[in-house]
Protein chains: 2
Amino acid sequence: MKLEVQIKMNQTLFLRDPEQSELGRNIIKHSIQLIDKTGFESFTFKKLAEAIGTTEAGIYRYFENKHKLLVYIISWYWGWLEFQIGYQTKNVQDPVTKLKQVITLLASNVEDDLMTSHVDESLLHQILIAEGSKSYLTKHVGEDNKQQYFKPYKDLCNTIGEIILECNPSYLYPHSLASTIIEVAHLQNFFMHNLPSLTDFDKSKKESQIIEFLNNLVFSSVINKRS
Amino acid sequence: MKLEVQIKMNQTLFLRDPEQSELGRNIIKHSIQLIDKTGFESFTFKKLAEAIGTTEAGIYRYFENKHKLLVYIISWYWGWLEFQIGYQTKNVQDPVTKLKQVITLLASNVEDDLMTSHVDESLLHQILIAEGSKSYLTKHVGEDNKQQYFKPYKDLCNTIGEIILECNPSYLYPHSLASTIIEVAHLQNFFMHNLPSLTDFDKSKKESQIIEFLNNLVFSSVINKRS
DNA sequence: TATAAATGATAGTAAAGCTATTATTTTTGG
DNA sequence: CCAAAAATAATAGCTTTACTATCATTTATA
């Protein structure tokens, strides 16, 4: 039998569960491809329907609007990443090693996970870099938050925050540092590729440079000989 | 006579210079108010025209589209902030003090500058927090960059990067750290007010908490006793 | 004071963002 | 296996957004 990883999703994000039908899985698969290709602003349900070979109204039966679909695939990614972190740091005792592995996972290019046949995690990672912050930078972030749309992101920040506290139980800003690591990993990646003079990375555009910058930043303040 | 600060703007951002006419200045003034109030997604030239008491076509004579208008007001803000930094740190010798002042300027609530009668910097600061990253998180960031749309942001990063190097000439990531400080100042502010569990700040929601977090983060790595 | 430049008033178009209706498949429970 | 229910397809239509065009009128300026 084929093993498939299932990420538990917030039921209020969709009208009909896209995991439960061929059309639904196609919506997820092609929306990831299309958002990555055209960017979220140019992405429309009409174009998505064409790509799948269905109709606009068909998509609307699954998702109320394109913003909820974006939040859905982003939540899915955070759920998947949390699973990856748990899996990859399972037998690691040293919290510093663990935090380094987390930073590496966040800042490295992701490979498509074959356990999830209808999701291309590599593209999803690119979407997070370029569109991730648009999921919460809205006027309706308050209501979205009440609906628990950002729970997977918060859970991930808590997980990382706990590892930070294992490194230094008296560190004052575990959550802020966790959200900072996540966002800076993506931002520096975007800048490296698109606005390189906002960074100090060379033209090789290797993600390892971002990892080194983050390691320097994070471990200087978490393991601070001065305080 | 009344002193007015003028920020030099990129000529390709507009079709007609909005600083040079009453209508133009009204476009700037009301777009800042309207984007702050409704968010950039809901902001339209039609609503802006109504707010001013002119017509949609009238706005289009000044700006090609709402994205360029957003880039315009954001560039304006970076230019103004660069001026503020130069002004406020003019006679400060110690680079550490200087960098602390820059962090404070970036993370504090801004007061409306009376030298610029048609721009409310306080609102503009809120726009930067909630909409700033949308100015570059687009598929056309490459072309926009060629047109020098992000020069004021880059200049500011260079200025901050130089102060960082004054603090520690062997620090490896002055530009990345500068862009990180700017973005994290805004992000943590947004999180503090909208998704507080992504931060460690208490309910007082005082910006001073963000400043402390940033000072800890920045100076641990810039003045690192370990390296 | 003529003339050019800017603005106002109005109209119109294509696409985006939805909703509704009916017909046709596909699924599934008795 | 068949009938009812559920999902999908096909089509239409409506409002708003994003933008362009035209022409009349006001305002600035040589």
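Just so you know, these numbers use all the heavy atoms, side chains as well, and skip hydrogens, waters and symmetry mates. Order of the sequence lines sets the chain letters (A, B, ...), proteins ahead of strands, with each chain counted from 1. Owing to the predicted nature of the structure, the values given are computational and were not obtained by experimental measurement.
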Report the distance from atom [atom1] of [X] to atom [atom2] of [N], rounded to the nearest whole Å.
{"X": "A:Glu22", "N": "D:dA9", "atom1": "CD", "atom2": "P", "result": "11 Å"}
{"X": "B:Leu23", "N": "C:dA6", "atom1": "CG", "atom2": "P", "result": "11 Å"}
{"X": "B:Arg25", "N": "C:dA6", "atom1": "CZ", "atom2": "C1'", "result": "14 Å"}
{"X": "B:Glu50", "N": "D:dT17", "atom1": "CD", "atom2": "C1'", "result": "13 Å"}
{"X": "B:Tyr60", "N": "D:dT20", "atom1": "OH", "atom2": "P", "result": "7 Å"}
{"X": "B:Ile52", "N": "C:dA6", "atom1": "CD1", "atom2": "P", "result": "17 Å"}
{"X": "B:Ile59", "N": "C:dA9", "atom1": "CD1", "atom2": "C1'", "result": "14 Å"}
{"X": "A:Arg61", "N": "D:dT11", "atom1": "CZ", "atom2": "P", "result": "14 Å"}

State which of [options] makes the closest approach to the side chain of [X].
{"X": "B:Ala57", "options": "D:dA7, D:dA9, C:dA9", "answer": "C:dA9"}
{"X": "A:Arg16", "options": "C:dA9, C:dA6, D:dA7", "answer": "D:dA7"}
{"X": "B:Lys47", "options": "D:dA21, D:dA9, D:dT17", "answer": "D:dT17"}

Next on the checklist: At 4.0 Å (heavy atoms only), tell me whether B:Lys46 reaches a base, stays on the sugar-phosphate, or touches nothing.
Outcome noted: nothing
Next on the checklist: Under 4.0 Å, counting only non-hydrogen atoms across every strand here, what does B:Phe63 touch: a base, just sugar-phosphate, or nothing?
Outcome noted: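 Answer is nothing: B:Phe63 stays at 4.0 Å or more from every strand.
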Checklist entry - Within 45° of the axis and under 6.0 Å from the centre of the six-membered ring of B:Phe63, does NZ or CZ of B:Lys66 qualify? => result no
Indicate whether any N or O donor in one side chain lies under 3.5 Å from an N or O acceptor in the other, for [X] and [Y].
{"X": "B:Glu41", "Y": "A:Thr138", "answer": "no"}
{"X": "B:Gln188", "Y": "B:Thr199", "answer": "no"}
{"X": "A:Glu183", "Y": "A:Ser133", "answer": "no"}

Next on the checklist: Which is more 5' along DNA chain C, the nucleotide nearest A:Thr44 or the one nearest B:Gly24? Just name the residue.
Outcome noted: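 Result of the comparison: B:Gly24.
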Next on the checklist: If you go through the side-chain atoms of B:Glu64, does one of them form a donor-acceptor pair with the base of D:dC19 closer than 3.5 Å?
Outcome noted: no
Do the side-chain N or O atoms of [X] get closer than 4.0 angstrom to the phosphate oxygens (OP1, OP2) of [N]?
{"X": "A:Thr54", "N": "D:dT8", "value": "no"}
{"X": "A:Tyr62", "N": "D:dA7", "value": "no"}
{"X": "A:Ser21", "N": "D:dT8", "value": "yes"}

Item to check | From CA spacing to verdict: side chain to side chain contact (heavy atoms under 4.5 Å, CB included), B:His140, B:His67 | outcome: CA-CA 11 Å; B:His140 48 89; B:His67 187 259; 3.5 Å; yes
